[in-house]
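What follows is one structure encoded as structure tokens, with my remarks underneath.
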Amino acid sequence: MSVIENTIAYVKKELANAEGGHDWFHIERVWKLAKTIAKEEKANLLVVELGALLHDIADSKFHNGDESIGPKKALTFMHTQKISKEDKQHVLAIIENISFKGGETQNNIDSLEFKVCQDADRMDAIGAIGIARAFNYGGFKNRGLYDPAIAPKLNMTKEEYKKSTAPTINHFYEKLLLLKDLMHTDTAKKMAAHRHVYMETFLKEFYAEFEGRL
Ligand code: ADP
Ligand code: NI
């Protein structure tokens with residue numbers, strides 16, 4: 001089996017009990033998006049594919065906030081495969097830096113392959129899938145759908161972002177509607193524009209229905 005096939009088998013096994021927003025299908029969507037973007041942008045495909053496949057191998061949200069478990073697991077796995085030292089370090093840097101965790105986080109890698117993986121992961125947080133994932137996550141966290149009295153909070157610190165208990169609609173203003181302007185590659189910018197309009201339409205409908213206007 002190829003390195004990619006082995007990686008797929010490993011990730012599927014590790015994520016067998018993951019919650020809906022972070023299951024194998026999230027990884028598969030990000031992997032497919034990443035391949036599409038990588039081809040357009042002429043990025044190193046092996047590094048991009050490994051970065052996409054391994055980026056959520058252990059989400060800190062489900063490991064008491066420990067952000068080092070995922071990268072450690074990914075590296076241990078990569079040592080079992082025929083991957084050059086250089087590529088392993090590159091993939092490791094990608095997965096250490098990929099997550100959006102509120103305003104303060106600084107990225108300390110800016111390779112094309114990193115940009116492609118981050119664009120693909122962010123793409124899966126917007127559009128129809130993004131809407132579904134947000135409400136799924138909100139339900140998992142026992143959050144309300146919407147409360148007109150609780151205003152969205154922009155520029156939260158990493159800690160505030162993690163602790164927030166706001167209703168799910170707020171997440172659109174705190175993150176989802178900001179993602180289109182954070183895309184790095186031209187290919188992703190174009191795809192994100194379409195998904196962004198879809199979310200705006202959804203919000204318009206949501207408020208109209210909320211007030212019984214539709
Ligand atoms: P990833 O690890 O895939 O980059 P996150 O772990 O930040 O993404 O979030 C997983 C999914 O849950 C995303 O679709 C994201 O929009 C959603 N999500 C994260 N935080 C919240 C929140 N506070 N409210 C609603 N949805 C959220
Ligand atoms: Ni992800």
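Whatever order the structure lists them in is the order used to number ligands and atoms, beginning at 1.
- Near Leu176, with a cut-off below 4.0 Å to any heavy atom, the atoms of ligand 1 are 16 (O).
- Contacts of Val30 with ligand 1, taken as heavy-atom pairs under 4.0 Å, are absent altogether.
- A distance of 6.0 Å or more separates the ring centres of His55 and His22.
- In the hydrophobic clustering of this structure, Leu203 groups with Leu145; members are Ile, Leu, Val, Met, Phe, Trp, Tyr whose side-chain heavy atoms approach within less than 4.5 Å, directly or through other members.
- Taking a 4.0 Å cut-off on heavy atoms, Glu174 fails to register as neighbouring ligand 1.
- Cluster membership check: Ile109 shares its hydrophobic cluster with Leu54, using side-chain heavy-atom separations under 4.5 Å among Ile, Leu, Val, Met, Phe, Trp and Tyr.
- Between Tyr146 and Phe210, the two ring planes are perpendicular [angle over 60°; tilted spans 30° to 60°].
- The ring-ring contact (aromatic ring centres under 6.0 Å, His included) check on Phe77 picks up Tyr10, with sequence neighbours excluded.
- Ring pair Trp24/Trp31 is tilted by interplanar angle, where 30° to 60° counts as tilted.
- Contacts between Asp56 and ligand 1 below 4.0 angstrom, taking non-hydrogen atoms only, involve the side chain exclusively.
- At under 3.5 Å, a nitrogen or oxygen of Asp121, whether backbone or side chain, sits near a nitrogen or oxygen of ligand 1.
- Looking at His26 next to ligand 1, an N or O pair under 3.5 Å apart turns up.
- The closest approach between Arg143 and ligand 1 falls below 4.0 Å for a heavy atom of the residue.
- Glu86 CD: 12 or fewer foreign heavy atoms inside a 6.0 Å radius.
- Salt bridge present: Arg133 and Asp124 bring a charged side-chain N and a carboxylate O closer than 4.0 Å.
- With hydrophobic clusters built from ILVMFWY side chains whose heavy atoms lie under 4.5 angstrom apart, Val3 shares a cluster with Leu92.
- Here atom 22 (C) of ligand 1 lies nearest to His171 when heavy atoms of His171, Arg133, Gln118, Arg122 are compared.
- To the nearest 0.5 Å, the span separating CD on Glu41 from CD on Glu113 amounts to 10.5 Å.
- Excluding waters, the set of protein N/O/S atoms under 2.8 Å from the Ni ion (ligand 2) reads His26 NE2, His55 NE2, Asp56 OD2, Asp121 OD1.
- Residue-ligand proximity: His22 is placed with a non-hydrogen atom under 4.0 Å from ligand 1.
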